[in-house]
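Just so you know, these numbers come straight off a predicted model, no measurement behind them. Just so you know, these numbers use all the heavy atoms, side chains as well, and skip hydrogens, waters and symmetry mates. All chains are named by letter (A, B, ...) in the order of the sequence lines, taking the proteins before the strands, and each is independently numbered beginning at 1.
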There are 2 protein chains.
Amino acid sequence: MSRHGQAAPPSFACERGDHAECMRDALAKAEQVSAARGLRLTRLRRRVLELIWASHTPVKAYDLLEQLRQEHANAAPPTVYRALDFLVQEGFVHRIESLNAYIGCDIPERDHQGQFLICESCGEAAELSNPEIEAALLETARTLGFRLESSLVELKGRCARCRQSQSA
Amino acid sequence: MSRHGQAAPPSFACERGDHAECMRDALAKAEQVSAARGLRLTRLRRRVLELIWASHTPVKAYDLLEQLRQEHANAAPPTVYRALDFLVQEGFVHRIESLNAYIGCDIPERDHQGQFLICESCGEAAELSNPEIEAALLETARTLGFRLESSLVELKGRCARCRQSQSA
DNA sequence: TTTGAAATGTTATAATATTACATTTAGAGC
DNA sequence: GCTCTAAATGTAATATTATAACATTTCAAA
């Protein structure tokens, strides 16, 4: 039986079904990628990454700040925003523009921008990487003479689990 | 010769090439759609829509506020945000999430959410409506058991005109 | 012509993010 | 191990974006 209870399907955002493991892997990968790139994944940056990975729900900067302050009295907005800048820059987290929030990425080694599915009921978000979507975006840009530099795809709705448990 | 000068291609955001006409049409359509829906397109709302249509560059709320204040001394943030809420709600403008800015929509009669191409060089944005992109998004959601409620696509890069005029 | 709902006015404040400059820290080269 | 420097972090202030809450005005239907 999964931690989600009896018949409910698992979180759509957590493929393994075991989030602790998922988080451990993400942090290990971040260490590994940082070492490979010669980056300094400092205590602070690592801690922010950990706080973000604590759930599959995108986290807001000031919520991170509040959590950081529990253990780090002099944390201030720049403390958090700098860590986020680093983590986003290196692909360890993505920013969800429509929520002003951040979520961990489990494939930082691949240079990409996320496409997200966000459940408006449980708040979880999952990253997609659908080659068809990407192809359609590239083709559209090309047709219009546009040189594509970045793309943002954020889809909202209700996930299977929420639809099932809430009769819709 | 277009208003864009000698050999330059026209603005990718302004299909007609005559923005005055484009803006006139948009306002006329807004009047028409409002009448059909029994909405009150008040002077204030209409004026905000006009200010947004003044360019194909997404406009920020506080820039609109500053402009409004020239002619309307007691304009305040809620003045602008309420007008924007109305205009977005009715589809007369779209919000560009990645820019915290707003841009006019010329097809308010069609219920949809925009897909945008945004030139990072000239700042102009154009709405797309590529059925392939939409199909890929819907299919992805369906596959994952997701009930899609809204979708957001914002593509950034450099438009043909900017690439040409700036040697890249 | 009343009257009630919608729109707008007004003040205050919340939420998100950045600037600018000071200080500390970690690691490269000695 | 030291020293120097660049990167990271500390700190204070402030900019930007958005909303809450309540008062007043306006418009059109009854």
Side-chain angles (χ1 to χ4, degrees), chain A residues 30-31 34-52 57-90 92-103 123 152 154, chain B residues 30-31 34-52 57-90 92-103 123 152 154:
Chain A
E31 295 283 7
S34 293
R37 292 185 192 161
L39 301 173
R40 286 164 66 183
L41 184 60
T42 60
R43 270 170 62 86
L44 193 53
R45 290 167 170 176
R46 191 189 148 95
R47 182 61 180 141
V48 169
L49 182 56
E50 209 166 62
L51 291 171
I52 290 171
T57 301
V59 187
K60 315 211 95 192
Y62 276 75
D63 289 345
L64 288 170
L65 177 54
E66 194 180 335
Q67 292 182 268
L68 269 187
R69 280 211 232 255
Q70 312 287 320
E71 59 204 37
H72 187 90
N74 48 13
T79 312
V80 167
Y81 283 105
R82 283 170 184 153
L84 289 170
D85 286 349
F86 169 85
L87 296 170
V88 168
Q89 169 79 35
E90 297 300 332
F92 299 131
V93 320
H94 291 290
R95 175 176 161 88
I96 307 287
E97 292 290 344
S98 63
L99 299 175
N100 296 336
Y102 302 82
I103 191 162
L152 172 57
E154 297 176 12
Chain B
E31 294 284 8
S34 293
R37 294 183 191 164
L39 300 173
R40 287 165 63 184
L41 185 60
T42 60
R43 269 171 62 85
L44 193 53
R45 289 166 172 178
R46 190 189 148 94
R47 182 61 181 139
V48 170
L49 181 56
E50 210 166 62
L51 291 172
I52 291 172
T57 301
V59 188
K60 315 211 96 192
Y62 275 73
D63 289 345
L64 288 169
L65 177 54
E66 194 179 336
Q67 292 181 269
L68 268 187
R69 281 211 232 254
Q70 312 286 320
E71 58 203 37
H72 186 91
N74 47 13
T79 312
V80 168
Y81 282 105
R82 283 167 183 155
L84 288 171
D85 285 349
F86 169 84
L87 295 169
V88 168
Q89 170 79 36
E90 296 301 332
F92 299 131
V93 320
H94 292 288
R95 176 176 161 87
I96 307 287
E97 292 291 344
S98 63
L99 299 175
N100 295 338
Y102 301 83
I103 191 161
L152 171 58
E154 297 176 10

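With a 4.5 Å cut-off on side-chain heavy atoms, L44(A) and L68(A) count as touching. For the pair L84(B) and I52(B), the minimum side-chain heavy-atom distance is below 4.5 Å. Residues L41(B) and F86(B) have side chains in contact (heavy-atom distance under 4.5 Å, counting atoms from C-beta outward). A heavy-atom distance below 4.5 Å is found between the side chains of N74(A) and H72(A).
Atoms CG (L41(A)) and P (dG27(C)) sit 12 Å apart, rounded to a whole Å. Rounded to an integer number of Å, the gap from CD of Q89(B) to P of dA6(C) is 14 Å. Between the CG atom of L99(B) and the C1' atom of dT17(D) there is a distance of 14 Å, rounded to whole Å. Remark: C1' of dA15(C) and CD of E97(A) are 16 Å apart, rounded to the nearest angstrom. Atom CG in L39(A) sits about 17 Å away from atom P in dA26(C), given to the nearest Å. To the nearest angstrom, C1' of dT11(D) lies 13 Å from CG of L65(A). When the P atom of dA6(C) is taken as reference, atom CD of E90(B) falls 14 Å away, rounded to whole Å. Taking atom CZ of R47(B) as the reference point, atom P of dT8(C) lies 15 Å away to the nearest angstrom.
Against DNA chain C, the stretch residues 67-82 of chain B makes heavy-atom approaches under 4.0 Å through H72(B), N74(B), A76(B), P78(B), T79(B), R82(B).
When each of dA7(C), dT16(C), dA18(D) is scored by its nearest atom to the side-chain atoms of N100(A), the top-ranked nucleotide is dT16(C).
Remark: R47(A) engages E50(A), E71(A) in a salt bridge (charged side-chain N to carboxylate O under 4.0 Å, His left out) (not counting sequence neighbours). A search for salt bridge (charged side-chain N to carboxylate O under 4.0 Å, His left out) contacts involving R69(B) returns nothing, not counting sequence neighbours.
Contacts of R95(B) with the nucleic acid, taken as non-hydrogen atoms under 4.0 Å apart, involve only primed sugar atoms and P, OP1 or OP2.
Contact check, K60(A) against dT16(C): a side-chain N or O comes under 4.0 Å of OP1 or OP2. Contact between the side-chain N/O atoms of R40(B) and the OP1/OP2 oxygens of dT26(D) is not found at any separation under 4.0 Å. OP1 or OP2 of dT9(D) sits under 4.0 Å from a side-chain N or O of R45(A).
Ranked by how close their nearest DNA chain C nucleotide is to the 5' end, T42(B) and Y62(B) are led by T42(B).
Residue G123(A) comes nearest to P58(A) through the heavy atom pair O-CD, 3.2 Å, listed as atom of the first residue, atom of the second, then distance.
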